[in-house]
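Heads up: the structure comes next, in structure tokens.
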Amino acid sequence: MKAVVYDRYGPPEVQRLEEVEKPVPKEDEVLIKVHATTVNRLDVHTREANRRSGLAMTLLSRSISGLRGPRQRILGTEFAGEVEAVGAAVSEFAVGDNVFGNSGFRFGAHAEFMCMRESARIAHMPAGMSFEEAAPITDGALNALTCLTPADLRKGRTILIYGASGSCGTAGVQLARSFGADITAVCNTKNLELVRSLGADRVIDYTQEDFTKNGQTYDVIFDAVGKHSFRRSRASLNPSGIYLPTDGLENLWWALLTPRIGGKKVVFQIPPRQTKQDVLFIKGLVEAGKYRPVIDRTYPIEDVVEATRYVETEQKTGNVVITV
Ligand SMILES: NC(=O)c1ccc[n+]([C@@H]2O[C@H](COP(=O)([O-])OP(=O)(O)OC[C@H]3O[C@@H](n4cnc5c(N)ncnc54)[C@H](OP(=O)(O)O)[C@@H]3O)[C@@H](O)[C@H]2O)c1
């Protein structure tokens with residue numbers, strides 16, 4: 001089969017299309033013919049071994065993906081496709097079913113075929129969706145859900161979402177809306193209308209206004225893009241407010257320290273625990289019309305390097321889809 005492979009950590013150009021062996025499903029696995037996948041920040045961070053985030057993160061990243069070089073040659077976490085074959089013990093899926101999901105650190109979706117355990121993050125596709133629409137459902141939504149769950153969002157709770165135009169941000173706005181929270185979203189001028197249409201009650205253009213200086217405070221601040229900090233946004237939190245980061249090693253220390261001190265705290269779940277139940281929950285939101293993944297650009301798999309370069313600008317709006 002055709003797959004995008006890489007054999008060393010480095011820039012987008014280390015990826016190339018190659019003929020590789022088609023995987024064979026184990027007893028509890030399904031073989032999926034992938035029709036669409038994405039390039040997301042986990043692909044990017046893993047492929048470059050987190051070199052932009054400092055030596056500690058690089059070592060952590062390599063300890064997960066392979067110290068000398070990548071153990072898994074094929075990237076890609078999100079997928080939408082068709083079940084091609086099932087293992088003997090599989091009961092939930094049958095040949096011909098349309099499925100979507102997320103393989104996380106097992107990757108493998110930048111290929112014509114991939115295997116997933118039946119019990120992993122895979123589900124039947126919501127009715128009426130194309131493969132291109134279904135592939136980007138999970139990345140931003142699972143990451144946002146992991147971060148937002150401890151914040152107990154509901155009617156009457158206020159949240160500020162910083163970086164509301166990315167994959168995690170656009171999902172975060174829609175999830176917070178579905179929980180009934182009052183949402184202030186911060187993004188660039190060009191995305192104000194989009195973010196409003198996703199359910200933000202208020203939008204702040206970060207090129208015009210610094211939310212830390214307007215005197216407003218919130219129960220929750222969610223840095224959906226990893227560009228802010230607890231230190232800078234602390235004064236904008238209510239007395240028992242919660243700060244939710246998406247990355248940054250220093251946030252680990254804050255998350256250990258702040259609950260012991262009391263008052264404002266950082267909550268950061270590492271490693272993230274994301275389950276099949278979470279995928280089914282998000283699928284339910286899609287079917288109820290409460291969540292839709294935002295798609296910025298779509299590239300054919302042959303253009304994966306170009307797609308990756310675009311993701312690395314850190315300026316995509318929502319998600320970048322790859323058709324296979
Ligand atoms: N996706 C994953 O699997 C994964 C894995 C590990 C960690 N993470 C972390 O999760 C976070 C979100 O990832 P993502 O995939 O959602 O990001 P993303 O989609 O790449 O974020 C891009 C968006 O962020 C906005 N942005 C860029 N710089 C900004 C700034 N200074 N202030 C406000 N907005 C800014 C951009 O809009 P404008 O520039 O146009 O404003 C763009 O819309 C990151 O911290 C990432 O490191 C993600």
Side-chain angles (χ1 to χ4, degrees), residues 1-26 28-51 58 61-87 93 99-122 131-132 134-139 142-143 167 271-272 274 279 297-312 319-324:
M1 67 167 184
K2 207 161 57 173
V4 178
V5 301
Y6 78 124
D7 291 309
R8 63 181 176 89
Y9 300 116
E13 294 73 23
V14 298
Q15 303 172 101
R16 63 185 185 281
L17 262 183
E18 204 176 274
E19 278 297 320
V20 300
E21 215 164 294
K22 187 173 162 183
V24 178
K26 299 194 181 86
D28 61 343
E29 288 183 341
V30 297
L31 175 70
I32 302 153
K33 182 169 172 51
V34 179
H35 288 294
T37 175
T38 60
V39 176
N40 60 42
R41 290 272 286 259
L42 186 57
D43 298 317
V44 165
H45 290 325
T46 303
R47 195 210 63 246
E48 62 177 21
N50 274 281
R51 66 182 167 82
T58 298
S61 182
R62 282 181 179 248
S63 72
I64 296 168
S65 323
L67 273 184
R68 288 167 181 278
R71 272 190 295 268
Q72 162 59 292
R73 299 176 74 213
I74 305 171
L75 291 168
T77 61
E78 292 181 286
F79 62 86
E82 208 178 322
V83 174
E84 171 97 353
V86 296
F93 302 100
V99 293
F100 77 107
N102 194 306
S103 58
F105 284 105
R106 290 169 67 102
F107 294 99
H110 290 172
E112 284 183 297
F113 295 93
M114 69 186 291
C115 287
M116 283 286 290
R117 277 201 318 274
E118 169 178 49
S119 58
R121 287 170 288 179
I122 173 172
F131 293 117
E132 285 89 338
I137 289 178
T138 54
D139 176 62
L142 285 176
N143 286 327
S167 174
Q274 298 168 346
V279 173
R297 296 185 185 178
T298 301
Y299 296 81
I301 196 162
E302 290 75 15
D303 294 341
V304 70
V305 169
E306 201 185 317
T308 304
R309 285 196 198 113
Y310 181 55
V311 172
E312 291 196 358
N319 303 279
V320 168
V321 172
I322 300 285
T323 52
V324 184

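Because the structure is predicted, anything quoted here is derived from the model rather than measured. As a basis for the values below, the full set of heavy atoms in this structure was taken, side chains included, without hydrogen atoms, waters or symmetry mates.
To the nearest 0.5 Å, the span separating OG1 on T46 from CZ on R62 amounts to 12.0 Å. Between atom OG of residue S61 and atom CD of residue E48 there is a gap of 8.5 Å, rounded to the nearest 0.5 Å. To the nearest 0.5 Å, the span separating OG on S65 from OH on Y9 amounts to 4.5 Å. Rounding to the nearest 0.5 Å gives a distance of 6.0 Å between NZ of K22 and CG of L31. The line from OG1 of T37 to CG of L75 is 9.5 Å long, rounded to the nearest 0.5 Å.
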### Message
side chain to side chain contact (heavy atoms under 4.5 Å, CB included), that's the test. Do F100 and T138 meet it? Break it down for me.
### Response
CA-CA 9 Å; F100 77 107; T138 54; 3.8 Å; yes
### Task
Apply side chain to side chain contact (heavy atoms under 4.5 Å, CB included) to V44 and T308, showing your working.
CA-CA 7 Å; V44 165; T308 304; 4.3 Å; yes
### Query
How far apart are the C-alpha atoms of N143 and Q274, what are their side-chain angles, what is the distance that settles it, and do they pass the side-chain hydrogen bond (donor to acceptor under 3.5 Å, both in side chains) test?
CA-CA 8 Å; N143 286 327; Q274 298 168 346; 3.3 Å; yes
### Task
Walk me through it: do M116 and F79 pass the test side chain to side chain contact (heavy atoms under 4.5 Å, CB included)?
CA-CA 10 Å; M116 283 286 290; F79 62 86; 3.8 Å; yes
#### Entry: CA sep, side-chain torsions, deciding dist, call: I122, F93, side chain to side chain contact (heavy atoms under 4.5 Å, CB included)
CA-CA 10 Å; I122 173 172; F93 302 100; 3.9 Å; yes
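A donor-acceptor pair shorter than 3.5 Å cannot be found between the side chains of E132 and T298. Side chain to side chain, N40 and T77 meet the donor-acceptor criterion of an N or O pair below 3.5 Å. No side-chain N or O of N319 forms a donor-acceptor pair with one of T38 less than 3.5 Å apart. A donor atom on one side chain and an acceptor atom on the other are found under 3.5 Å apart for Y299 and R297.
Summarising the local packing, CD of E13 is surrounded by more than 12 heavy atoms from other residues, nucleotides or ligands at distances under 6.0 Å.
Between V320 and Y310, the closest heavy-atom pair is CG2-CD2, 3.7 Å.
Considering R16, R68, R47 in turn, R16 is the only one that fulfils the salt bridge (Lys or Arg N to Asp or Glu O under 4.0 Å) rule with D7.
Salt bridge E18/R73: present, at least one basic N to carboxylate O contact under 4.0 Å. Salt bridge status for R309 with E312: absent, with no side-chain N to carboxylate O gap under 4.0 Å.
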